[in-house]
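Following: one structure in structure tokens, then a few remarks.
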Amino acid sequence: MRRGIAHIAGRRILNVERAPCSRRPIEILPRIDVFRRRVQGQVIREVGRLGKRVVLVLEDEQRIILEPRMTGLVLMADPPTVDHLRISITLERVAQPLLFWDRRGLGSVRLCSADEYAKRYGLEKIGPDALVISPAELRSRLCTSRREIKVALLDQRAVAGVGNLYASELLHLARIHPARRCDTLRKAEWERIHAAMLAILQTAIKYEGSTLSDGTYRNALNESGNYQNHHRVYDRADQPCQQCKGGIIQRIVQAQRSTFFCAKCQTRRSRTRS
DNA sequence: CATATGTCCTGAGAGC
DNA sequence: TGCTCTCAGGACATAT
């Protein structure tokens, strides 16, 4: 998402409008008239990312945080439908406005001063990024937890950027059972988890994300992703594991979320040291 | 303090 | 066919 709109860096904001949407409004803070007054005329200095959020850094250090959650899209193109369009940001000398579209409306758009941003999104709220964190840091942040590893990986304060789909995917690549308690994992296993996390996320980014059967995720040009065609386990319950050719993908529920894994590749116990 | 659960939302798909 | 029901998972508030 971030890369899809990275080219708007350097552009000046002309206007911000709440789109006419018949649905319950998403959270937009502050209210739209205050929002508009504070950003109008500001140049977007940087198009950044904080975990799963896209962050527009303005020339006066204010930040616009676009939080898509499940079904939100950040677009520089026509949206899938006009119905769920939420906010529109027009830019100087760019015909196409920046749009935030959100079918289910769980997402939000928020404008923060530099201080408010530091308080609300500091390191104690959003942990180190999954693409940047070191293996040692990942391990030290989670190795005393009694939670199951798949559940712990979704905690954005521990490590930022891993969602439900990719947690299953990376644990399959790492050959770690999703229900393994963090405090039972050995150093070599943490290193496998870290390497798999990087590999899965980098590959998923390369393929522009996963557009699932509900068709929701689209890139900034409203095009489908392609990583769903590379899923190892996610949404593949009862299908054979492509890795071991013998296992059948299982679906379980952890913390009210689906987890997919191959019981043959991902054994519940770590191999005992020889 | 750490961990677990409930909440919001829409539309696809299942089941009858 | 058309209806009702369940489910998907982000982050955060509240409960244990």
Side-chain angles (χ1 to χ4, degrees), chain A residues 1-2 18-19 21-29 49-55 65-74 79-87 100-110 112 116-117 119-127 129-130 140-171 178-185 200-201 204 209-218 224-225 227-228 231 233-238 249 251-261:
Chain A
M1 273 184 179
R2 190 203 68 79
R18 191 185 264 286
C21 178
S22 55
R23 313 291 165 159
R24 168 194 151 276
I26 63 161
E27 183 174 271
I28 297 176
L29 287 173
R49 179 176 66 79
L50 182 72
K52 298 172 181 174
R53 295 153 167 108
V54 176
V55 180
I65 299 98
L66 302 162
E67 185 183 332
R69 300 220 192 169
M70 284 305 298
T71 54
L73 299 180
V74 174
T81 68
V82 289
D83 188 27
H84 297 89
L85 200 53
R86 309 296 182 153
I87 201 166
F100 187 82
W101 180 94
D102 189 356
R103 196 188 71 199
R104 273 156 68 179
L106 299 178
S108 67
V109 179
R110 186 184 287 264
C112 286
E116 193 188 348
Y117 181 78
K119 275 189 197 127
R120 184 174 285 277
Y121 301 103
L123 245 193
E124 64 286 347
K125 302 274 175 67
I126 310 287
D129 193 88
S140 94
R141 284 176 160 263
L142 289 173
C143 68
T144 63
S145 172
R146 288 166 296 178
R147 286 179 297 180
E148 296 175 340
I149 179 62
K150 172 2 178 98
V151 176
L153 285 171
L154 298 179
D155 181 352
Q156 303 298 297
R157 284 162 306 196
V159 55
V162 179
N164 193 58
L165 187 162
Y166 296 113
S168 284
E169 293 293 294
L170 77 89
L171 288 174
R180 282 285 299 285
R181 268 175 53 151
C182 288
D183 58 4
T184 71
L185 289 163
I200 291 290
L201 292 179
S210 299
T211 299
L212 304 181
S213 54
D214 71 358
T216 297
Y217 176 73
R218 324 282 296 175
S224 291
Y227 192 69
Q228 67 280 4
H231 285 174
V233 289
Y234 186 82
D235 210 12
R236 300 194 38 161
D238 305 324
I249 308 299
R251 176 186 177 274
I252 59 173
V253 173
Q254 296 177 281
Q256 286 90 243
R257 271 105 181 107
S258 295
T259 300
F260 299 87
F261 70 104

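For clarity, every value in this text was computed on a predicted model and none was experimentally measured. Hydrogens, waters and symmetry mates play no part in the numbers below; they use all other heavy atoms, side chains included. Proteins come first, then strands; the chains are lettered A, B, ... in the order of their sequence lines, and each starts at number 1.
For the pair T144(A) and R24(A), both in contact range of DNA chain B, the more 5′-proximal nearest nucleotide belongs to T144(A). Residues V253(A) and R120(A) each lie close to DNA chain C; by heavy-atom proximity, the contact nearer the 5' end of the strand is made by V253(A). Nearest-nucleotide mapping onto DNA chain B: of S145(A) and R257(A), the residue sitting toward the 5' end is S145(A). Residue order along DNA chain C, read from the 5' end via each residue's closest nucleotide, puts R104(A) first among R104(A) and K125(A).
Under the 3.5 Å distance criterion, the side-chain polar atoms of Q254(A) are matched with a main-chain donor or acceptor of P178(A). The backbone N or O of L142(A) sits nowhere less than 3.5 Å from a side-chain atom of R147(A) that would complete a donor-acceptor pair. Here the side chain of R251(A) pairs no donor or acceptor atom with the backbone of I249(A) at under 3.5 angstrom.
Distance CG (D155(A)) to C1' (dC12(C)): 12 Å, rounded to an integer number of Å. For E27(A) and dT7(B), the CD to C1' distance is 14 Å, given to the nearest whole Å. Distance E67(A) CD to dC9(B) P: 16 Å, rounded to the nearest Å. For R103(A) and dA8(C), the CZ to P distance is 14 Å, given to the nearest whole Å. If you take CD of Q256(A) and P of dA8(C), they are 11 Å apart, rounded to a whole angstrom. Across the protein-nucleic acid pair, Q254(A) atom CD and dA8(C) atom C1' stand 16 Å apart, rounded to whole Å. Between the CZ atom of R181(A) and the P atom of dA2(B) there is a distance of 15 Å, rounded to whole Å. Look at CE on M1(A): it is 12 Å from P on dG10(C), rounded to the nearest Å.
One finds a salt bridge joining D83(A) and R23(A) here, because a Lys/Arg side-chain nitrogen approaches an Asp/Glu carboxylate oxygen to under 4.0 Å.
Judged by atom type and distance alone, R147(A) does not reach the base of dA2(B) through any side-chain donor-acceptor pair under 3.5 Å.
Under 4.0 angstrom from either OP1 or OP2 of dG11(B) there lies at least one side-chain N or O belonging to H84(A). Side-chain N/O atoms of R23(A) include one lying less than 4.0 angstrom from OP1 or OP2 on dG11(B).
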Exercise. Where do Y217(A) and Y227(A) land on the ring-ring contact (aromatic ring centres under 6.0 Å, His included) test, with the steps shown first?
Worked result: CA-CA 11 Å; Y217(A) 176 73; Y227(A) 192 69; over 10 Å; no

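Using a 4.0 Å heavy-atom criterion, one finds that S258(A) contacts the sugar-phosphate atoms exclusively. Residue contacts shown for R157(A) are absent, as no nucleic acid heavy atom lies under 4.0 Å away. Within 4.0 Å of R86(A), counting heavy atoms only, lies no atom of the nucleic acid at all. Contact annotation for G163(A): backbone-only contact, meaning every heavy-atom pair under 4.0 Å involves sugar-phosphate atoms and none involves a base.
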